[in-house]
Structure formats: structure tokens, C-alpha cells
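So the structure is just underneath, and the comments pick up after that.
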Amino acid sequence: MHRPVLLVIAHGSRDPRHAETVHALVRRVRSLRPGLRVETAFLDFDAATVPRVLERLAAEGVRDVVALPLLLTRAFHAKADIPAVLRGAPACLRIRTAAVLGPSPLLMAALELRLHEAGLDPADKSSTGVVLASAGSSDPEAIAVIADIAREWRHTGWCAVRPAFASAPLPRTEDAVRALRAEPGVRRVAVAPYVIAPGFLPDRIARGAADADVLADVLGPAPTVARLLVRRYDEAHLSGTGPAAPLARTPALA
């Protein structure tokens with residue numbers, strides 16, 4: 001079966017760690033699906049912009065692309081920025097847009113992996129309060145999704161889970177840490193950044209975690225995150241029975 005090119009679209013950052021982490025994740029995706037062509041593009045702050053990469057693909061004779069937003073929620077970038085930039089793609093490209101990554105049990109598995117790597121003993125789960133620290137958004141839908149994830153994660157055995165946001169209305173990470181300290185049964189507090197790659201907002205999360213006992217790393221190229229990218233690609237690629245429609249008539253998947 002003909003397989004479209006997978007185009008991973010990241011936000012981009014002035015922080016070089018961001019692109020390094022994205023490329024590490026993409027390498028892991030390639031290792032999971034040998035033979036699949038995987039390209040990386042950025043909305044901003046990188047020479048490999050989405051228009052440039054699309055133009056190169058078209059010039060090379062590529063005709064089918066699955067565009068995968070490297071985003072955890074359907075906020076402004078997923079609803080507006082990425083559709084807008086893809087509408088300017090060369091007319092010869094047929095583009096399907098995959099769903100954003102979250103929510104997904106695979107992301108929750110990656111969060112737990114990062115916490116364990118940071119030194120949190122799984123045996124201490126029932127006495128640990130966790131801050132689910134997101135970059136944040138002005139989109140109420142995205143904020144509600146993070147709150148829902150925190151509630152669901154609490155039911156997997158943690159003593160308590162509270163959401164926090166680096167660029168949204170309160171609570172911030174430091175607020176959630178203080179609130180967890182006061183909760184009955186919480187003997188230690190851990191902060192789990194719900195972000196893909198380092199940058200300005202993840203650094204703000206880290207500063208807010210100064211009084212926590214454990215600070216996990218960003219999700220980055222965690223194995224289950226790579227598996228999730230492959231899953232989103234397959235869902236988009238196999239969702240139709242025929243070739244992808246032109247982008248102007250292909251809405252983003254929810």
C-alpha cells in the first residue's frame with residue numbers, strides 16, 4: 001500500500017533544546033516504522049518552516065502527506081495556525097491532518113515513566129501528590145481537557161493530582177505545589193511537565209517546581225510518545241477508503 005509522507009509539525013522555539021528534542025522524537029518514530037518517510041517542520045523559529053518543507057516535498061514528486069501536529073491539546077495552534085499554513089501548500093499535495101496527540105493513555109504512560117526516571121518510587125504513588133504542569137492556553141476547551149486528565153490520573157493510584165499552567169490563569173505550578181503540601185495523606189510532591197520539549201514555558205514550570213520533591217523531565221522522545229505519533233499517522237492514513245481530499249476540503253480530525 002502506498003504510504004503518505006508523515007510531516008511532524010512542531011511549534012518551534014528560540015531555545016535550541018526544543019528542536020533537538022523534536023528531532024530525537026522523530027528519529028524514534030523512524031525506528032518504529034522503517035521505510036516510512038518522516039519529515040519535520042516548525043511553525044516558527046526554525047529554517048525548516050512548514051511552507052519550505054511542503055514546497056520541497058512537492059518538488060521531489062511527493063503527492064500524499066499526513067500532517068501531524070506535535071501538540072497535546074486542540075488549542076489555537078491546532079485550530080487556526082496549522083490549518084492556515086497548510087492551506088498555502090502546493091496544489092499538487094493531498095494533505096490529511098492527523099489528530100493532536102492528547103489526551104491518550106500513551107501520554108499518561110510517558111508521564112509516569114518520566115516521574116520514575118526522576119527518582120519517584122512506584123511504591124510511593126499512594127502517598128505522592130502530583131502537579132500536572134501544562135504550558136497552558138487561552139482556549140477554554142484545552143484548559144478543560146487538562147483538568148479532565150488530572151482527574152482521571154488521580155484514579156490510577158496517586159494520592160492527589162492537581163493541574164497547573166505556565167501561561168494561563170491560575171493555578172501556576174508553584175500554587176499547585178503549595179496546595180498539594182496541605183492535602184491530607186500527601187507526603188511528597190512531584191511535578192510532571194505535560195509538555196513535549198524544553199523551552200521558555202517548560203523552564204517556567206521548572207522554576208515553579210522549586211519546592212517540590214521531584215521534578216520530571218519533559219515528555220520528549222519517550223517510547224510511548226513515539227508510538228502515539230505512529231498511531232495518529234495510521235488513524236489519519238487509514239481513515240478514508242480513497243486518496244486524501246485536497247486540504248481545503250479536509251478538516252482537521254478531532
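For reference, positions follow the sequence shown, starting with 1. Predicted, not measured: the structure shown is a model, and the values here were computed from it.
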Grab the two heavy atoms, one from [X] and one from [Y], that are nearest each other, plus how far apart they are.
| X | Y | value |
| --- | --- | --- |
| P69 | I82 | CB-CD1, 3.5 Å |
| A118 | V214 | CB-CG1, 3.6 Å |
| P193 | L111 | O-CD2, 3.6 Å |
| R232 | A98 | O-CB, 3.7 Å |
| S13 | G199 | OG-CA, 4.2 Å |
| A164 | A176 | CB-CB, 4.0 Å |

Rounded to the nearest 0.5 Å, what's the gap from [atom1] on [X] to [atom2] on [Y]? Could you check?
| X | Y | atom1 | atom2 | value |
| --- | --- | --- | --- | --- |
| T97 | L68 | OG1 | CG | 9.5 Å |
| I146 | L72 | CD1 | CG | 7.0 Å |
| L115 | L120 | CG | CG | 5.5 Å |

Apply salt bridge (charged side-chain N to carboxylate O under 4.0 Å, His left out) to residues E55 and R52 and explain how you reach the verdict. CA-CA 5 Å; E55 288 167 8; R52 285 185 180 179; over 6 Å; no
Electrostatic pair [X]-[Y], nearest N-O below 4.0 angstrom:
| X | Y | result |
| --- | --- | --- |
| R37 | E60 | yes |
| D213 | R181 | yes |
| D64 | R94 | yes |

Show your reasoning for whether side-chain contact (heavy atoms from CB on, under 4.5 Å) applies to F42 and T49. CA-CA 5 Å; F42 297 85; T49 62; over 6 Å; no
For R207 and E174, run salt bridge (charged side-chain N to carboxylate O under 4.0 Å, His left out): C-alpha distance rounded to whole Å, both residues' side-chain angles, the deciding distance at 0.1 Å, then the answer. CA-CA 8 Å; R207 290 193 297 272; E174 51 269 37; over 6 Å; no
When you compare the side chain of [Y] with that of [X], does any pair of heavy atoms fall below 4.5 Å?
| X | Y | value |
| --- | --- | --- |
| V62 | E39 | no |
| V131 | Y194 | no |
| R231 | L106 | yes |
| T224 | L107 | no |
| L93 | P90 | yes |
| R227 | P223 | no |
| V8 | V29 | no |
| P198 | T21 | yes |

Cluster link [X] to [Y], ILVMFWY, side chain under 4.5 Å:
| X | Y | value |
| --- | --- | --- |
| I205 | V225 | no |
| Y233 | L219 | yes |
| L6 | V230 | yes |

Salt bridge (charged side-chain N to carboxylate O under 4.0 Å, His left out) between R114 and E117: does it pass, once the steps are laid out? CA-CA 5 Å; R114 293 299 188 226; E117 289 174 341; 2.8 Å; yes
Mark yes or no for whether [X], through its side chain, and [Y], through its backbone, hold a donor-acceptor pair below 3.5 Å.
| X | Y | answer |
| --- | --- | --- |
| S239 | A236 | yes |
| R30 | V38 | yes |
| S126 | C159 | no |
| R204 | A166 | yes |
| K125 | T156 | yes |

Dump the intermediate steps for side-chain contact (heavy atoms from CB on, under 4.5 Å) on L32 and L229, then the final yes or no. CA-CA 10 Å; L32 292 175; L229 265 67; over 6 Å; no
For the residue pair S127 and R188, confirm or rule out a side-chain donor-acceptor distance under 3.5 Å. yes
Check the pair T40 / I9 against side-chain contact (heavy atoms from CB on, under 4.5 Å), numbers first and verdict last. CA-CA 6 Å; T40 310; I9 301 178; over 6 Å; no
Is it the case that atom CG in D203 sees more than 12 heavy atoms from other parts of the structure closer than 6.0 Å? yes
Hey, is CZ on R14 packed in by over 12 heavy atoms from elsewhere, all under 6.0 Å? no
Before you tell me yes or no, could you show the steps for R172 and D175 under salt bridge (charged side-chain N to carboxylate O under 4.0 Å, His left out), namely the whole-Å CA-CA distance, both residues' side-chain angles and the distance that decides it to 0.1 Å? CA-CA 5 Å; R172 295 290 176 90; D175 302 320; over 6 Å; no
Apply the hydrophobic cluster definition, ILVMFWY joined by side-chain contacts under 4.5 Å directly or through others, and give me every member besides L201. F200
Partner set under ring-ring contact (aromatic ring centres under 6.0 Å, His included) for H116, not counting sequence neighbours: none
Single hit among V186, L132, V130 for side chain to side chain contact (heavy atoms under 4.5 Å, CB included) with W158: V130
